[in-house]
Every structure is written in structure tokens, then in C-alpha cells.
Amino acid sequence: MWSMILKDRPEPLELRILKLLDARTALEEKEKKYLHNKAKGYEGEKMFDLLTGKLEPPSYLLHDLLLESNNSKFQIDTLMIRQDPIHLFEVKNYEGDFNYENGRFYSLAIKKEIKNPLLQLERCESLLRQLLQSLGYHMTIEAYVIFINPKFHLYQSPMNKPIIYPNQLPDFMCKLNRKSSTLNGLHKSLAEQLVSMHQTESPYEKYSKYSIDMLKKGIICAVCHSFDVSSFDRHVQCQVCGHCEGLDSAVLRAVGEIKLLYPNVKITTNLVFEWCESIDSKKTIRRVLKQNLICNGKTKGLFYE
Ligand SMILES: [Zn+2]
């Protein structure tokens, strides 16, 4: 038996929203930075998933869990439930040179102290242990910070800390692969219980200041996100990268963007027509919506779902 993914890692909703907003409006500087870090973090987590997914001893893999214990929320990048111990991984995709001094982490690039991933890990592990105990599970937890980026370097790196550096990762994964593990009902029920306790946070409030009329309209290229897209017989073509897409697919993609950014807005022909500035026929938009979505409402207030 191989590892089983009980909870996958879809691209976080907030990241998807931020990417769309970034293409269509000027984000604040701190939001831009946040988007960059979030995208980078997600990329690193996916890289680590490739490694854990290859492990042979049976285990349940839970990705990106948001849990609550003692009124404190905590987020787990990867939890590997297998025969004692359970493994908790905090994945960091930091790139470049960092320094460790007096228990603190500094980025040499920005010459600033950064969040200490060891403290983050400690907090997470402690809250998870309390949660497991309250649920009646008494398994040991082994927790690690994984620095996944091969371009990461930590000067004065501390000894005896639960850190796995990029160059140690292959050996570490081999070691995990050699440990035998037998799963029983207890492991399964714990895994399922944790998945059922996973919480979601809505990011919409945070970005509600970006109203629909503030965003730049037009179809964006599916590949390079350029607005320089022109339409011709049932196709749209990007003038920057040359990517060609069916017209219907481009319109439906635009509908998907509106729905993602404004889940409560009614999809009408006029709205989609305005959004897809580069398509100059309202009739075309109406046809695509009619053929692909469910039409609701009366003649005058038609909307699509
Ligand atoms: Zn393009």
C-alpha cells in the first residue's frame, strides 16, 4: 500500500482571487508582497507533496488543514498519519541567504527579522497535541520545518533543531521511506476526524474594497495574462504570446473570473459583455451563456448560473 491523500491541496481561494485582482487593478504594495509570498509558499508545498506522495510505507496524507484547538486556530501544511509517530511538516520555500542569531531568523536580502518558523512549528505542534489528546488519541508527534528551496541558505544554522535543509531532504525522505508502518482503524478515524474538522476562512471581506467597476475590463490571455487579445471567427488570440483559445471557452473563463471575485453577483449578458470588452457582439455573449449555463429569471431580468 502507498500513501493515501485524504485531503488534497487545491490552490488557495485567496491566492486565486489575488492573482485575478492583480491582473485587473493596482494592488497595494503590501498585498502584492503577500501575493508573491503566498504564491511562492504554495509552490513550495506542492514541491513537497511530490516527495511525500512517493513514500511507500502506508500513511494518510492531509494537506493544508486549518484546525482549532483551545480557541486558537492553527494551520498545518502537511500531516502524515502513520504508525507512531505522526509527522507534522511546516514547509518553507524561502530563497536566498538568511542568518540565525540569538534564536531569531533574519533575511539578508531585506535586512530584516522574519517570522521564526521554529516558533510557528512549536505552536502548531503544541496545539495539535492538545487537540489529539482531547479527541482521545495518544500518538507521538514528530515535527519538522522543511526548507524546500535549493537556493536557501541559513548562516549560523543551529544544531539540534527540527530543521531539514534542502541538501538533507533526499536522505530524510529515504529514512522516512525505510520505516515500516501498519495502519489500523485508529489512524483512519483520526485522519477522517481531522479532515471533518477542517475550517475554511472566507477571504472576500478582505478584498471587498475592490468593486467590480474598479477593475480593468477585457479578456485576458489564459497563458500570459495579457489584455492584448483580439477575437476573430469564434476564437480569441493573444497578440503577445500567440496563444489561441476558442471564443466560448474564453467567455466562460471570464464568467468563472466574475463568479470567483464576486460570488453574489448575478451573471447577465450585459455584465459579461462589459467584462469581455474585446468581444464586440452582445449576441455572441448571449449565445455562449445560453448554450453553456442555466438561464433563470424573467425575460427582462435574465441571469445565468
Ligand atoms: Zn498570451
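Just so you know, ligand 1 is whichever comes first in the structure, and atom 1 is the first atom listed for that ligand. All values below come from the heavy atoms of this structure, side chains included, with hydrogens, waters and symmetry mates left out.
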message = Quick one: does any side-chain atom of Arg287 pair with a main-chain N or O of Asp248 as donor and acceptor, under 3.5 Å?
response = no
inquiry  = Tell me every residue that passes salt bridge (Lys or Arg N to Asp or Glu O under 4.0 Å) with Glu11, counting only those two or more places apart in sequence or in another chain.
reply    = Lys19
query = Under 2.8 Å from the Zn ion (ligand 1), how many protein N/O/S atoms can be counted?
reply = 4
inquiry  = With a 6.0 Å cut-off on the ring centroids, do Phe172 and Tyr144 count as close?
reply    = yes
Listed once per pair and sorted, the side-chain hydrogen bond (donor to acceptor under 3.5 Å, both in side chains) pairs that draw on residues 217-241, sequence neighbours left out = Ser230-Gln239
Side chains of residues 151-168: which donor-acceptor partners sit under 3.5 Å, not counting sequence neighbours?
| residue | atom | partner | partner atom | Å |
| --- | --- | --- | --- | --- |
| Gln156 | NE2 | Asn99 | OD1 | 3.1 |
| Gln168 | OE1 | Tyr165 | N | 2.9 |

ask   = Do Met4 and Ile76 belong to the same hydrophobic cluster, where Ile, Leu, Val, Met, Phe, Trp and Tyr are linked whenever their side-chain heavy atoms lie under 4.5 Å apart, directly or via other members?
value = yes
